[in-house]
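Read the numbers this way: they start at 1 and go in the same order the structure lists the ligands and their atoms.
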Amino acid sequence: MTPARRIGVLACHLAPSETPPASAAGSTTSLRCDPCSSKLSEGCPLRHQGATFFARRPYHSPSNDGSSSSLPTSRLASSFERLIVECPEGEGAGEESSEPTSSTTTHTLSLNPTAQADAPAPAPASSSITTPTYASIDGKPSTYARVHGEVSTAPVVWSMVQLSGEPFADIIYEKSVGEGIAKITINRPERRNAFRPETIIEMQHAFSDARDDPNIGVIILTGQGTQAFCSGGDQAVRQIGGYVGRDKVPRLNVLDLQIQIRRLPKPVIAMVAGYAVGGGHILHMICDLTIAADNAVFGQTGPKVGSFDAGYGCSMMARLVGQKKAREMWFLARFYSAQEALRMNLVNTVVPLDQLERETVKWSREILRNSPTAIRLLKSSLNAIEDGHAGLQDLAGHATMLFYHNDEALEGRNAYLEGRAPDFSKFKRLP
Ligand SMILES: CC(C)(COP(=O)(O)OP(=O)(O)OC[C@H]1O[C@@H](n2cnc3c(N)ncnc32)[C@H](O)[C@@H]1OP(=O)(O)O)[C@@H](O)C(=O)NCCC(=O)NCCSC(=O)c1cc(O)c2ccccc2c1O
């Protein structure tokens, strides 16, 4: 029998005495296939290779049946033929261990009695798919990792958003149900998601809504389909002076969108499949993070089509890839694979195309766990040194917002409204 592969086993809180029953059905009803959510007990119809399984109950909650055992925080690996559950004697089994340790009990459950005994084991998951959330000094989960647990990669339930006014024609705007993620999708796949003035105006409305919605903490920007994130300005509507929309006014309004994304006090993640070229390449660079599918292609085309973005398109790029490489990208206008882009620091990670949204959502959820004010200030601070007066103005605005939560600020306002001199004497002048 080919042994089932373990993709990575985290701490399992099943006590050694709690041996899972020989039938998988009873013990695995709360476990679901990570990519497709099918119940482990029923088998994954898509037979995802090397899928991880995870328990749906929240971490550290009592089990639904009222028993006192805490949730198995394991990320369980399975080949669908068999499920291996490693149960350490104590807490804190090592992650990614290849062999059971002496303090580990291994339970093997037969999941699919009809499976071929000599069926090939699934390929091990690429390390880029399961971006490790927590490193530790000894391979064992740190206290922080145990408290926070793994980030869920369960699929998001998206709900379409329609704002007042005309329905969106060039974009799709969605929000996750019960989570703080918004997704803006350029929806012109027949033009490789090239943007025209109307596309940009719709994106501006959606970004503005996501900025103002206090429930939204992360925004994903992407393109419809797998062929392109965005191929830049629609050359078919480019005329003298800019790109022309229904109102016949030539515009370069993507420049306003760049500023909007840059100034938005929430992280924006570019989720890139296929081509991110021309003005589309600059859009992904402006985003705070870029998650690339392995079919992604990056590059500038401007010099080939008689255009250039000498604003963020140059300064941002030079910061990301360095001056020499930026000159290469612009002067030669070559295209670069996702792996090359990773090596050039243009993107944060590369994942298989079919894992793209899953990984992007995982990153989003990881951000959403953290302090929104810390994230807000960090984005502004990371921008500030590059953005000169505008960057300082943005950072200073956040300082004012925080000060407005403070009694000292309220004393000033109250004194004014009450027609008296403010008494700031009780506020300490800290070192
Ligand atoms: C993106 C491609 C490399 C994809 O190649 P592929 O072979 O996969 O697909 P096709 O070439 O057959 O494309 C399918 C279909 O889409 C049309 N299309 C694709 N991109 C565009 C586009 N940008 N504009 C208009 N139409 C586009 C294509 O014509 C096909 O249509 P059919 O009817 O024939 O089916 C490749 O398509 C490609 O290289 N595209 C052009 C990329 C490009 O040059 N973009 C513009 C760069 S300039 C720019 O974006 C820009 C915009 C601004 O607003 C600025 C503002 C201020 C300063 C600078 C700006 C700026 O530089």
Identity and separation of the nearest protein heavy atom to atom 5 (O) of ligand 1
Y275 CE1, 4.0 Å
Under 30°, 30 to 60°, or over 60°: which ring-plane class applies to F427 and F424, parallel, tilted or perpendicular?
tilted
Under 4.0 Å from one or more heavy atoms of F335, ligand 1 contributes atoms 3 (C)
Does CZ in F403 sit with more than 12 non-hydrogen atoms of other residues, nucleotides or ligands closer than 6.0 Å?
yes
Does I385 have more than 12 heavy atoms from other residues, nucleotides or ligands lying within 6.0 Å of its CD1?
no
Describe, in one word, how the ring planes of H284 and F298 are oriented to each other, choosing from parallel (under 30°), tilted (30 to 60°) and perpendicular (over 60°).
tilted
Salt-bridge present (K325, E328; N to O < 4.0 Å):
yes
Would you confirm whether any non-hydrogen atom of the protein falls under 4.0 Å from atom 7 (O) of ligand 1?
no
Who's the nearest protein heavy-atom neighbour of atom 57 (C) of ligand 1, and how far?
L255 CD2, 3.8 Å
Can E190 be said to touch ligand 1, with heavy atoms closer than 4.0 Å?
yes
Contact between ligand 1 and Q227 is defined here as a heavy atom of the residue under 4.0 Å from a ligand atom; is it met?
no
Are Q300 and W330 packed together at the side-chain level, in the sense that at least one heavy-atom pair is separated by less than 4.5 angstrom?
yes
Answer yes or no: does an N/O atom from R192 fall short of 3.5 Å to an N/O atom of ligand 1?
yes
Is atom 32 (P) of ligand 1 in close reach of the protein, with a heavy atom under 4.0 Å away?
no
Please determine if R262 and D394 form a salt bridge, counting it only when a charged side-chain N lies under 4.0 Å from a carboxylate O.
no
Please say whether more than 12 non-hydrogen atoms of neighbouring residues, nucleotides or ligands are located less than 6.0 Å from NE2 in H398.
yes
Test side-chain contact (heavy atoms from CB on, under 4.5 Å) applied to I367 and I181, I269, V151, the passing residue
I269
Please round to the nearest 0.5 Å and tell me the distance separating atom CD1 of I220 and atom CH2 of W363.
12.5 Å
V297 contact mode with ligand 1 (heavy-atom cut-off under 4.0 Å):
neither
By number and element, which atoms of ligand 1 are closer than 4.0 Å to a non-hydrogen atom of G279?
49 (C), 50 (O)
Counting only heavy atoms not in E190, do more than 12 sit closer than 6.0 Å to its CD atom?
yes
Under a 3.5 Å threshold, yes or no: a donor from one side chain and an acceptor from the other, between R343 and Q339?
no
Donor-acceptor side-chain pairing of Q258 and D309 below 3.5 angstrom
yes
Proximal atoms of ligand 1 relative to F195 (non-hydrogen, under 4.0 Å):
52 (C), 54 (O)
Non-hydrogen protein atom less than 4.0 angstrom from atom 54 (O) of ligand 1
yes
Determine if the distance from atom 36 (C) of ligand 1 to the closest protein heavy atom is below 4.0 Å.
no
Ranking H281, Q258, R251, Q235 by closest non-hydrogen atom to atom 46 (C) of ligand 1, top hit is Q235
Determine whether Q235 and Y243 make a side-chain contact, defined as any pair of heavy atoms from C-beta on separated by less than 4.5 Å.
yes
Would you sort out whether F168 and L163 count as a side-chain contact (heavy atoms from CB on, under 4.5 Å), showing the intermediate values?
CA-CA 8 Å; F168 291 127; L163 305 177; 3.8 Å; yes
Distance-only N or O hit between ligand 1 and V254, under 3.5 Å
no
Which option wins on minimum heavy-atom distance to atom 25 (C) of ligand 1: V237, D234, T301, L257?
D234
Nearest heavy atom to atom 23 (N) of ligand 1 wins, so pick from C230, G233, A228.
G233
For ligand 1, which is the ligand I care about here, please tell me if S307 has any N or O atom under 3.5 Å from one of the ligand's N or O atoms.
yes
Counting only non-hydrogen atoms of the protein, does one fall under 4.0 Å from atom 1 (C) of ligand 1?
yes
Look at atom 38 (C) of ligand 1 and say which protein heavy atom is nearest, naming residue and atom and giving the distance to 0.1 Å.
V277 CG2, 5.0 Å
Determine, counting only non-hydrogen atoms of the protein, whether one lies under 4.0 angstrom from atom 29 (O) of ligand 1.
no
Passes side-chain contact (heavy atoms from CB on, under 4.5 Å), F195 versus R188? Steps please.
CA-CA 8 Å; F195 53 77; R188 303 188 76 219; 5.8 Å; no
Shortest reach to atom 45 (N) of ligand 1 by a heavy atom, considering only G278, S231, A194
S231
Does atom 18 (N) of ligand 1 have any protein heavy atom closer than 4.0 Å?
yes
When you measure from atom 58 (C) of ligand 1 to every protein heavy atom, which one gives the shortest distance, and what is it?
F308 O, 3.3 Å
Does the protein put any heavy atom within less than 4.0 Å of atom 61 (C) of ligand 1?
yes
Identify, by atom number and element, the atoms of ligand 1 in contact range of G232, meaning under 4.0 Å from any of its heavy atoms.
50 (O)
Give me the nearest non-hydrogen protein atom to atom 26 (N) of ligand 1 as residue plus atom name, then the distance to 0.1 Å.
R191 NH1, 3.6 Å
Any idea which protein heavy atom is nearest atom 51 (C) of ligand 1, and the distance to it?
Y243 OH, 3.4 Å
